[in-house]
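Following: one structure in structure tokens, then a few remarks.
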Amino acid sequence: MAACATPGTAPVLGTRPTYLQATTENVPNAAALANRIWTPAMDDSFVPQGLTSAGRYLFVSSYRPTPDLKSNTGPCRVFRIEAATGKMAGGFDLPAGSCTHSGGLAYMGAGRLFLADTRQVFLIDIEKALAAGTSAGASRAVKITGELRGSYATFDGKDAWIGTWTKELPKARMFRLDARLFDDYDGQTVKEDRAVESIPVPLEAQGAAFDMAGNLWVSASNSRWGKLYKLDRKGNVKGEYAMPAGLEDLTVDDTGRLWGLSESGTRKYLDWETRFPYLFSIDTAKLR
């Protein structure tokens, strides 16, 4: 299906889901949200979670609730999308049973994706995985336990970070995992003492991204609200902004633009008041 124009905005790129007749346009900070792209494979019931940028592409990690939409786990797939056109540009599956939620993505440079699942992290050779349609044979994996939880992921230019979605303040933290993780522990299990640093983050955090100035942006959400936080490098909150419900992961592209995505409007969450199933850029100068 062709891209569809939303009244009062630029056309939404990508493929509109056949089941969704209307979206919610009166969302918080709508004036700061642009470059909208339909989240991928919604007709197939995929729920988007992770987001990252690599050159002219955006990558989205999703899971398909299995055995039915009540489930919070299922097979995982990574989609590659042209940011300028919204067109699908390939994708690959994670091997059956190896991934259940695919909460976070981060581009590590040199053609590598870091994918965080709830209790396992993967380092994936993008071109090999795209060519095969699966990350099998194109990735290394480390299991995580203890306080480590792969609810989301980001990259600071040197190391990967993972963070925990939680409603319990002491557990709301991000952990830095240095570049030797997969060399030293491929196929093994690590816990929080393997992390080289941790910082506090807001409750119900869903995503994170470092911008070019070194600020840390953190998303948080549930079925009723979304928030975007600006943090310093030590985790101190410097700004807080209302956002659409269901806001998931964040990324910063090569031009410095912040992007986010929402899982609202997917088949799993059609009973929510908000239906804003887009990838979108965020003009931080327009946030109020």
Side-chain angles (χ1 to χ4, degrees), residues 9 24-37 48-53 58 83 103-107 116 149 151-176 197-264 272-274 276-288:
T9 69
T24 306
E25 297 307 314
N26 185 26
V27 296
N29 270 303
L33 312 181
N35 302 103
R36 297 181 190 176
I37 302 171
Q49 297 294 299
L51 174 67
T52 195
S53 172
L58 294 167
L105 270 184
Y107 180 60
R149 193 173 181 88
S151 301
Y152 53 92
T154 190
F155 180 61
D156 66 7
K158 180 184 177 183
D159 296 321
W161 293 71
I162 58 174
T164 300
W165 183 97
T166 180
K167 295 182 179 181
E168 300 177 46
L169 192 59
K171 296 181 179 179
R173 303 194 68 82
M174 281 176 55
F175 295 86
R176 180 161 64 93
E197 180 183 0
S198 73
I199 60 173
V201 293
L203 296 177
E204 298 184 73
Q206 300 273 24
F210 290 94
D211 67 19
M212 292 181 175
N215 301 301
L216 175 61
W217 295 88
V218 173
S219 58
S221 73
N222 57 33
S223 62
R224 302 177 305 280
W225 52 260
K227 293 181 182 179
L228 180 65
Y229 296 92
K230 183 180 181 181
L231 279 61
D232 66 17
R233 183 60 177 71
K234 294 184 178 181
N236 299 304
V237 176
K238 300 300 183 181
E240 178 181 334
Y241 310 94
M243 294 293 286
L247 179 65
E248 285 286 330
D249 206 2
L250 303 170
T251 191
V252 173
D253 67 19
D254 290 349
T255 69
R257 287 184 302 182
L258 182 65
W259 288 76
L261 63 78
S262 172
E263 64 184 358
S264 64
W272 289 5
E273 181 178 350
T274 299
F276 199 76
Y278 307 123
L279 286 67
F280 48 87
S281 63
I282 304 171
D283 186 339
T284 58
K286 294 182 179 180
L287 292 171
R288 298 292 182 265

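- A heavy-atom distance below 4.5 Å is not found between the side chains of Thr284 and Lys230.
- Partners of Pro244 according to the side chain to side chain contact (heavy atoms under 4.5 Å, CB included) rule, which considers only residues two or more places apart in sequence or in another chain, are Val27, Leu33, Phe276.
- The heavy-atom pair separating Ala30 from Glu25 by the smallest distance is CB-O, 3.9 Å.
- How far OG of Ser219 is from NZ of Lys227: 12.5 Å, rounded to the nearest 0.5 Å.
- Once rounded to the nearest 0.5 Å, the distance linking CG of Leu261 with CD of Gln206 reads 10.0 Å.
- Side chains of Thr251 and Tyr107 form no contact here, defined as non-hydrogen atoms less than 4.5 Å apart.
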Taking it one step at a time, do Met174 and Leu216 satisfy side chain to side chain contact (heavy atoms under 4.5 Å, CB included)? CA-CA 11 Å; Met174 281 176 55; Leu216 175 61; 3.9 Å; yes
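- Atom-to-atom distance recorded for Leu247:CG and Ser221:OG is 5.5 Å, nearest 0.5 angstrom.
- In this structure, CG on Asn236 lies 7.5 Å from CG on Leu231, to the nearest 0.5 angstrom.
- The CD atom of Glu248 lies 9.5 Å from the OG atom of Ser264; values are rounded to the nearest 0.5 Å.
- Side-chain contact between Pro28 and Met243 is absent, with no heavy atoms from C-beta onward closer than 4.5 Å.
- For the atom pair OH of Tyr229 and CH2 of Trp217, the computed distance is 13.0 Å after rounding to the nearest 0.5 Å.
- Contact detail for Lys286 and Ala31: the closest heavy-atom pair is CD-O, 3.6 Å.
- Residues Asn222 and Trp272 are not in side-chain contact: their nearest non-hydrogen atoms beyond the backbone lie 4.5 Å or more apart.
- Nearest heavy atom pair, residue Ser262 against residue Pro48, reads O-CG, 4.0 Å.
- For Asp249 (side chain) and Leu51 (main-chain N/O), a donor-acceptor pair under 3.5 Å exists by modelled atom type.
- The side-chain heavy atoms of Val201 and Tyr152, taken from C-beta on, include a pair separated by under 4.5 Å.
- Between the side chains of Thr164 and Thr166, no donor-acceptor pair of N or O atoms lies under 3.5 Å.
- The shortest side-chain heavy-atom distance between Trp165 and Glu204 falls under the 4.5 Å cut-off.
- Partners of Glu197 by side chain to side chain contact (heavy atoms under 4.5 Å, CB included), not counting sequence neighbours, listed by chain and number: Trp161, Arg176, Ile199, Arg233.
- Judged purely by atom type and a 3.5 angstrom limit, Asn29 uses its side chain to pair as donor or acceptor with the backbone of Arg288.
- Shown here are the side chain to side chain contact (heavy atoms under 4.5 Å, CB included) partners of Ala209, two or more places apart in sequence or in another chain: Thr154, Leu250, Val252, Leu258.
- Of the N and O atoms on the side chains of Ser281 and Arg257, not one donor lies less than 3.5 Å from an acceptor on the other residue.
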